[in-house]
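The next block holds one structure in the form of structure tokens; read it before the comments.
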Amino acid sequence: ARHLLGIEQLAPAEITTLLDLAEQYVELNRRTVKHADALAGMTQINMFFEASTRTQSSFELAGKRLGADVMNMPVAQSSVKKGETLIDTALTLNAMHPDLLVVRHNMSGAVNLLASKVNCAVLNAGDGRHEHPTQALLDALTIRRAKGRLHRLTVAICGDIAHSRVARSNLLLLGKMESRLRLIGPATLMPAGARDLGCEVYEDMREGLAGADVVMMLRLQKERMDGGFIPSEREYYHRWGLDAEKLALAAPDAIVMHPGPMNRGVEIDGTIADDINRSVIQDQVEMGVAVRMAAMDLLARNLRAERGAKAVGTY
Ligand code: CP
């Protein structure tokens, strides 16, 4: 494929290929000298229309470690502030011949639209409530390394499912890889039709966590809530915050995940987040760089093949 827009478009074999390549980049990233040349001579532009710590910095590091020229477009100081549209901004940058465009936007579907207008490979770094494919891939790599497999694991995703692109991409990926999925959270934060996605749905966290192998906690996405019922943080923590007592109901070797950013004392107790025997939250960050290197490496190979085929056709 030319782009990485969502997990929806990926076949299980493609997911496995990407995770296997990412394993090699995990090893590279642990060395003192971290350079490879998969993107040598290529130009990568990062366009983040929404705030980011992990995704933007890991895409930047990933591109630099693979030898690309990386430019972070400073959206806050750009002509977007003068009213220029996303598409006009993208067409402007496209005229500078980038090879890879990494885009985060608050509108679901914006990245797909943009991909149809440019000549380069586009990677979705999170679009509205729709998808965050590299997050699901790094989560899958983290789970596979901790548990040795993805199939026949019971994965509990807890919290604000309705507004979460992380949950959506994870549901798609883990479903394709034959994990057993449970969604836990207040009914008001559960998407309509959640059961139709092949998931078990729980409002009671204690029931939902029973025997789970993986516990994935999510932040309350207040920036995406439009006036619906939001429980107070105190009530939310009491009923759906992960503490030691609730975690004790999961499998004894269950791992705890969180995509970040984390609100300690709201969806997760800080002691659990920091417990290196249970929490793999820092591993998720590490896997993020490797997965993004693998994703851009594979797209660059496709781009070279596509351009090579065109050149052969031309001459
Ligand atoms: N998980 C994630 O997307 O984090 P950032 O918003 O910091 O990129």
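Order of listing sets the numbers, starting from 1, for every ligand and every atom in it. Everything numeric in this text was worked out from a predicted model, so none of it was measured. All values below come from the heavy atoms of this structure, side chains included, with hydrogens, waters and symmetry mates left out.
- Minimum heavy-atom separation, Ser169 to Pro133: OG-N, 3.7 Å.
- Residue contacts with ligand 1 include Arg104, since one or more of its heavy atoms lies under 4.0 Å from the ligand.
- For ligand 1 and Gln135, the ligand atoms under 4.0 Å from any heavy atom of the residue are 1 (N), 2 (C).
- Listed by atom number, the atoms of ligand 1 under 4.0 Å from Thr53 heavy atoms are 5 (P), 7 (O), 8 (O).
- Closest to atom 4 (O) of ligand 1, if we only count protein heavy atoms, is Arg54 NE, 3.0 Å.
- Distances between N or O atoms of Pro259 and those of ligand 1 include at least one value under 3.5 Å.
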*Carefully, step by step, assess Glu207 and Ile184 under the rule side chain to side chain contact (heavy atoms under 4.5 Å, CB included).*
CA-CA 9 Å; Glu207 282 177 22; Ile184 310 170; over 6 Å; no
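- Proximity to Thr55 (heavy-atom distance under 4.0 Å) selects the following atoms of ligand 1: 2 (C), 3 (O), 4 (O), 5 (P), 8 (O).
- Here Ser179 pairs with nothing under the side-chain hydrogen bond (donor to acceptor under 3.5 Å, both in side chains) rule; sequence neighbours left out.
- Close contacts between ligand 1 and Gly260 involve ligand atoms 1 (N), 2 (C), 4 (O) [criterion: under 4.0 Å to a heavy atom].
- Using a 4.0 Å cut-off between charged nitrogen and carboxylate oxygen, Arg180 and Glu200 do not count as a salt-bridge pair.
- A donor-acceptor pair under 3.5 Å is absent between the side-chain atoms of Asp37 and the main chain of Ala40, judged by distance alone.
- Every pair passing salt bridge (Lys or Arg N to Asp or Glu O under 4.0 Å) that includes a residue from residues 142-153 is listed here, sequence neighbours excluded: Asp20-Arg144, Glu23-Arg144, Glu23-Arg145, Lys147-Asp253.
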